[in-house]
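The sequence lines fix the lettering, A, B, ..., with proteins before strands; numbering per chain opens at 1.
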2 protein chains.
Amino acid sequence: MSLPVPPWEQRPQKRRSTKQPLSQEAIVAAAFKILDAEGLEAVTMRRIADELDTGPASLYAHVANKDELYALLLDQAAGEVRLPAPDAEHWQDRAKDFLRDLNRVLISHKDLGRAALARIPVSPNALASSEALLAILRTGGVPDQDCAWAADILSLYVVAHAYENGLQQLHGDEDEGMAYVAAIGEYFHQLPSDRFPNIVGLAGLLTTGDGDVRFEFGLDLLIRGLAARAEEARKAHG
Amino acid sequence: MSLPVPPWEQRPQKRRSTKQPLSQEAIVAAAFKILDAEGLEAVTMRRIADELDTGPASLYAHVANKDELYALLLDQAAGEVRLPAPDAEHWQDRAKDFLRDLNRVLISHKDLGRAALARIPVSPNALASSEALLAILRTGGVPDQDCAWAADILSLYVVAHAYENGLQQLHGDEDEGMAYVAAIGEYFHQLPSDRFPNIVGLAGLLTTGDGDVRFEFGLDLLIRGLAARAEEARKAHG
DNA sequence: ACCTGAACACCGTTCAAGT
DNA sequence: ACCTGAACACCGTTCAAGT
């Protein structure tokens, strides 16, 4: 009988021995693990390959390229979003609830929002999201062309906001973020007030409000605008 | 007297002989040349160095890093934006004119909008832009906190839209772009109408409108919302 | 002070070769 | 069909050495 090898002499365990077979699901799962821990920038083909104990070339049997991988991440995230049922009476609340949840899901995956920018959402779960939003707006009596354009604009707003906010959440704990915002406020306050009277005058207000408060503000503007247009159209021809 | 060297035998002219001394201005100019021709992705330290007949390391004497270079590009672009004077009576038009011009300038530099995302505008020309927008809103009677948040949200909208639109303008002439949009429309139209009734039903309207029309739609929503809030505040404690 | 070549530590993607 | 190693053509940035 030989004694067991003491821990400090054990070779670093090669996951290779218990390695799962490569698959698109495994690749996407590894990508999410990296994304949620370090942000989108760290999600590279080579890092994913590392995570799966293989070489980068091996991934290309299951994913066409990095862009398709990002599309897969987005589709999975889109699947996490709750889709409220349409309600003619409360269409504004339903639309807001949907967009709030989209924002929540995106931010929960750090700066994944960046991957949603400049991409037309044609994946299954993204289509289901668009369908749900269009249904809510249309049931509420928003004119058809407004529904179509609003679905685009509203999503653009949420995605852009989630990107900016997810980044912020990324490279700083709450304390660091607060300190940075405070520093910006200081900077605004100390600018020459003859050249920048409004920035100086509003320095405090420019830096108040966390991401959620600001998100709600923009959402309020957009939905109010949409409601006003819908009301106008209703009056114009019954 | 010897005959001149025929053109086909001339060595490719080395710009090195007539090379300008390196400077931040020269670097930014070279960067804009590449940006306007090929988009932001092509604006790398190494490409700029190539353009200036030097090595990438030489740039670091004049620019801290790539992020600072992008900030310089944005500041110069911000300097191209026309800043309307405030006008209490027509604040909505003045705000729209400013944001339209910001959009125009960004798109004229391809997908430069991407560089504006996730960056707090603290450069001189960016501050002047913010100041102008705040002045317009405040003079119009928009409540202070709304002015502060709106300046942020409105810029976010323009920048995000310019990014998406500038990209589209990048990798396709007008014809290609039209064909792509038409293909998307086809795709929407051919989806199963039991699962996606609204996408199918609105397929035509989802793909109508060029970038400018869609930009105006979003702008209308935001400014209407802002005006409605301002009116509410006025009534509340006029 | 400015510029340079070389190096470091990364990228995405392809391709011939293996199983 | 899937996986691999090696290579190709790139990145941003640093650093010691030159002028």
Side-chain angles (χ1 to χ4, degrees), chain A residues 14-35 37-74 110-112 114-115 118-119 167 170-171, chain B residues 14-35 37-74 110-112 114-115 118-119 167 170-171:
Chain A
K14 289 206 177 182
R15 261 169 298 173
R16 181 174 297 273
S17 48
T18 60
K19 190 164 61 165
Q20 296 288 111
L22 229 41
S23 68
Q24 197 172 82
E25 294 80 57
I27 291 171
V28 169
F32 264 112
K33 191 175 149 192
I34 300 167
L35 170 65
E38 303 172 42
L40 195 63
E41 206 180 23
V43 181
T44 66
M45 301 301 272
R46 295 178 110 101
R47 269 291 257 110
I48 296 167
D50 259 14
E51 205 77 27
L52 296 170
D53 276 310
T54 183
S58 302
L59 305 181
Y60 288 84
H62 304 92
V63 157
N65 51 36
K66 199 181 150 190
D67 193 66
E68 186 182 292
L69 174 70
Y70 280 9
L72 290 170
L73 293 178
L74 278 170
K110 296 273 161 50
D111 56 341
L112 176 60
R114 195 188 76 192
R119 184 187 310 272
L167 254 190
L170 187 62
H171 56 67
Chain B
K14 287 207 177 180
R15 262 169 299 175
R16 180 174 296 273
S17 49
T18 60
K19 191 163 61 166
Q20 297 290 110
L22 229 42
S23 69
Q24 197 173 83
E25 294 82 55
I27 291 171
V28 169
F32 264 113
K33 191 176 149 189
I34 300 167
L35 171 65
E38 303 173 40
L40 195 65
E41 205 181 23
V43 181
T44 67
M45 301 302 270
R46 296 179 108 100
R47 271 288 260 113
I48 295 168
D50 260 14
E51 205 77 27
L52 297 169
D53 277 310
T54 184
S58 301
L59 306 180
Y60 287 84
H62 304 92
V63 158
N65 51 36
K66 197 180 150 190
D67 193 67
E68 186 182 292
L69 174 69
Y70 280 10
L72 291 170
L73 293 178
L74 278 169
K110 296 274 160 51
D111 57 340
L112 176 59
R114 195 188 75 191
R119 182 187 310 274
L167 253 191
L170 187 61
H171 56 65

To the nearest Å, give me how far apart [atom1] ([X]) and [atom2] ([N]) are.
{"X": "B:L69", "N": "D:dC11", "atom1": "CG", "atom2": "P", "answer": "14 Å"}
{"X": "A:E25", "N": "D:dC2", "atom1": "CD", "atom2": "P", "answer": "12 Å"}
{"X": "B:Q24", "N": "C:dC2", "atom1": "CD", "atom2": "C1'", "answer": "15 Å"}
{"X": "A:Y60", "N": "C:dT14", "atom1": "OH", "atom2": "P", "answer": "7 Å"}
{"X": "A:D50", "N": "D:dT4", "atom1": "CG", "atom2": "P", "answer": "13 Å"}
{"X": "B:D67", "N": "D:dG12", "atom1": "CG", "atom2": "C1'", "answer": "12 Å"}
{"X": "B:D53", "N": "C:dC2", "atom1": "CG", "atom2": "C1'", "answer": "17 Å"}
{"X": "B:L59", "N": "D:dT14", "atom1": "CG", "atom2": "C1'", "answer": "14 Å"}

- CD-CG distance between B:E68 and B:L73, expressed to the nearest 0.5 angstrom: 11.0 Å
- d(A:I48 CD1, A:K33 NZ) to nearest 0.5 Å is 12.0 Å
Testing the basics here: between [X] and [Y], what is the closest heavy-atom pair and its distance to 0.1 Å?
{"X": "B:S23", "Y": "B:H62", "result": "CA-CD2, 3.8 Å"}
{"X": "A:A31", "Y": "A:V43", "result": "O-CG2, 3.8 Å"}
{"X": "A:R119", "Y": "A:A71", "result": "NH1-CB, 3.9 Å"}
{"X": "B:D111", "Y": "B:L35", "result": "OD1-CD1, 4.4 Å"}

- Task: Please check if atom CD in B:E41 has more than 12 non-hydrogen atoms from other residues, nucleotides or ligands closer than 6.0 Å.
- Result: no
- Closest to the B:A57 side chain, choosing from C:dC3, D:dG12, C:dT4: C:dT4
- Runs of at least three consecutive Watson-Crick or G-U pairs, both distances under 3.5 Å, are what I'm after; which ones involve DNA chain D? C:4-8 with D:12-16, C:12-16 with D:4-8
- Between B:H62 and C:dA1, is there a side-chain N or O to OP1/OP2 distance below 4.0 Å? no
- Would one find a side-chain N or O of A:T54 under 4.0 angstrom from OP1 or OP2 of D:dC3? no
- Would you say A:R114 and A:L167 make side-chain contact, with heavy atoms under 4.5 Å? no
- Message: A side-chain contact here means heavy atoms from C-beta on lying under 4.5 Å apart; do B:V63 and B:V28 qualify?
- Response: no
- Task: Using a cut-off of strictly less than 4.0 Å between a heavy atom of the residue and any atom of DNA chain C, enumerate the qualifying residues of residues 37-49 of chain B by number.
- Result: B:R46
- Note on the structure: Comparing B:L22 with B:P56, nearest DNA chain C nucleotide closer to 5' gives the residue B:L22
